[in-house]
Number of protein chains: 2
Amino acid sequence: MDAALSEFASKGLQGARAEEIARQSGAAKRMIYYYFTDKEGLYRAAIQHAFSSPSALGNLSDLEDMATLPALEEMIGRTFDMHVERPDFVRLLLQENFQHGEHIRTIPEISQGTRSTIATWRKLLDRGIREGLVREDVDPVKVHHSISALGQFYISNQYSLKANFDIDSSLPETVALQKKHVIDMICRWILRPSTKFGPSE
Amino acid sequence: MDAALSEFASKGLQGARAEEIARQSGAAKRMIYYYFTDKEGLYRAAIQHAFSSPSALGNLSDLEDMATLPALEEMIGRTFDMHVERPDFVRLLLQENFQHGEHIRTIPEISQGTRSTIATWRKLLDRGIREGLVREDVDPVKVHHSISALGQFYISNQYSLKANFDIDSSLPETVALQKKHVIDMICRWILRPSTKFGPSE
DNA sequence: TATGAAATGGACAATTTGGTCCATTTATCC
DNA sequence: GGATAAATGGACCAAATTGTCCATTTCATA
């Protein structure tokens with residue numbers, strides 16, 4: 001299944017080769033058709049697998065016990081980590097978007113997850129606003145999108161980053177820097193100018 | 001050539017169908033092989049075409065005559081617009097990244113463009129720092145990446161945005177809002193807390 | 001109008017890829 | 001160990017896709 005995910009993620013449904021998936025997985029090609037009927041069946045299964053995977057964002061309840069600012073940073077960090085930990089998922093989602101999401105349509109659990117994420121953001125941000133840390137007109141959806149955009153960018157452009165900027169995303173320290181960048185950017189954006197933040201200034 | 005770009009952008013090299021490109025372009029399939037030898041030749045030509053297209057970012061010299069803050073906003077806006085105006089280019093670049101950039105490698109003009117863009121950013125940001133508007137530790141590369149990330153995100157996730165958030169990116173007013181969001185976010189991030197910015201607060 | 005190059009349609013060959021069959025092997029469970 | 005199901009390899013068929021051929025048409029230019 002991992003082999004399928006990887007192949008579909010980088011080549012899409014039509015570009016993926018059934019034989020290559022079989023080879024990579026170590027299983028016999030025959031088995032694909034035995035269990036999934038056809039290539040599209042395997043594709044659907046791979047999508048479903050990717051979305052029902054344990055960690056969408058995991059349990060977020062512990063954020064409520066943290067102070068607001070660390071909680072915000074932690075929430076940003078976890079959202080970013082989710083992208084880093086599941087690069088094939090990120091790529092597959094993009095492939096689906098390129099094809100107008102014709103297969104993802106059949107899976108309802110998806111918007112479920114995002115809805116609850118947004119709800120968490122709203123709670124956190126409201127707390128920040130009440131405490132005078134966060135600007136009043138901050139939109140949870142935009143916050144979520146901005147972090148996702150950065151996460152997606154760093155994992156979907158690894159070749160370009162290497163070729164144009166000599167940034168090697170396979171190094172853990174590179175990823176750590178990127179994560180720091182995202183946290184820094186989002187915080188400075190959503191916090192009130194008067195809120196003290198960060199190592200610099 | 002537009003037809004090829006569009007097909008390759010959404011399905012990748014292997015997923016694209018030569019016959020579909022011929023049909024869409026209105027030309028005879030025969031002509032593809034007449035001019036480009038094979039599918040991969042057409043693919044290379046499409047990439048080259050996409051990259052050598054007139055507007056990478058256009059002429060940026062007029063920014064020097066503007067006041068710093070408007071110039072920054074303008075630069076952010078233009079970078080964002082570049083993504084909006086050339087969605088197939090953005091998608092194709094992602095496809096290439098998914099395949100480790102094996103074909104883009106042959107085209108040198110690319111890093112040329114980004115290098116000059118970064119240089120422009122550096123000049124602009126330095127001016128902002130000298131005038132006390134911009135924080136001192138702002139990195140031009142990170143700025144550029146952040147804007148690209150947002151631009152890429154909004155055009156590469158149109159289906160998800162519609163399905164999960166009911167955001168219709170085909171509406172010009174939606175795009176205008178997204179652009180505003182990007183400018184707002186980047187400015188609040190890079191400007192000093194003491195710098196007055198934006199309609200809110 | 002003559003001429004040669006560019007383009008065409010569409011049938012067709014060649015190749016790749018999706019998908020199947022079957023005899024055999026491997027694992028599972030009693 | 002024997003019975004049953006799961007898995008295998010690899011040859012094989014069928015369908016899709018790439019790439020070719022050729023007689024014909026279009027079109028620019030002289």
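Values in this document were obtained by computation on a predicted structure and should not be read as measured data. First the proteins, then the strands, lettered A, B, ... as listed; each starts at 1. Just the heavy atoms: all of them, side chains too, but no hydrogens, waters or symmetry mates, feed the values below.
Each of A:A27 and B:T37 was matched to the nucleotide of DNA chain D holding its nearest heavy atom; the match closer to the 5' end belongs to A:A27. Nearer the 5' end of DNA chain C, as judged by each residue's closest nucleotide, is the contact made by B:G26, out of B:G26 and B:Q14.
Whole-Å rounding puts the A:E19 CD to D:dG10 P distance at 12 Å. The interatomic distance linking B:Y43 (OH) with D:dT18 (P) rounds to 15 Å, in whole Å. Spacing between atom NZ of A:K39 and atom C1' of C:dT20 amounts to 17 Å, rounded to whole angstrom units. In this structure, A:D38 atom CG and D:dA15 atom C1' are separated by 13 Å, rounded to whole Å. One interatomic measurement links the two molecules: CG of B:L42 to C1' of D:dT18, which rounds to 13 Å at whole-angstrom precision. To the nearest angstrom, P of C:dT17 lies 11 Å from CD of A:E7. Rounded to a whole Å, the CZ atom of B:R23 is 14 Å from the P atom of C:dG9.
Considering only side-chain N and O atoms, B:R17 lies under 4.0 angstrom from the phosphate OP1 or OP2 of D:dT17. OP1 or OP2 of C:dG19 sits under 4.0 Å from a side-chain N or O of A:Y33.
Ring to ring, B:F51 and B:F89 are close: their centroids are under 6.0 angstrom apart.
Across D:dG9, D:dA6, C:dG19, the shortest atom-to-atom separation from the side chain of A:Y34 is found for D:dA6. Out of C:dG9, D:dT8, C:dG19, the shortest distance to the side chain of A:M31 is found at D:dT8. Distances were taken from every side-chain heavy atom of B:R30 (C-beta onward) to each of C:dG19, D:dT20, C:dT20; the shortest belongs to D:dT20.
In this structure, the separation between CD1 on A:I186 and CG on A:L150 is 6.0 Å, given to the nearest 0.5 Å. Atoms CG and CG, from B:D88 and B:L5 in turn, are 5.0 Å apart once rounded to the nearest 0.5 Å.
Interface remark: the B:K29 side chain does form a donor-acceptor pair with the D:dG19 base, using a distance-only criterion of under 3.5 Å.
Using a 4.0 Å cut-off between charged nitrogen and carboxylate oxygen, A:E40 and A:R44 count as a salt-bridge pair. Taking the charged nitrogens against the carboxylate oxygens, B:R188 and B:D184 do have a contact shorter than 4.0 Å, which makes a salt bridge.
Among the heavy atoms of the strands lying under 4.0 Å from B:A16 are primed sugar atoms or P, OP1, OP2 only; no base atom is included.
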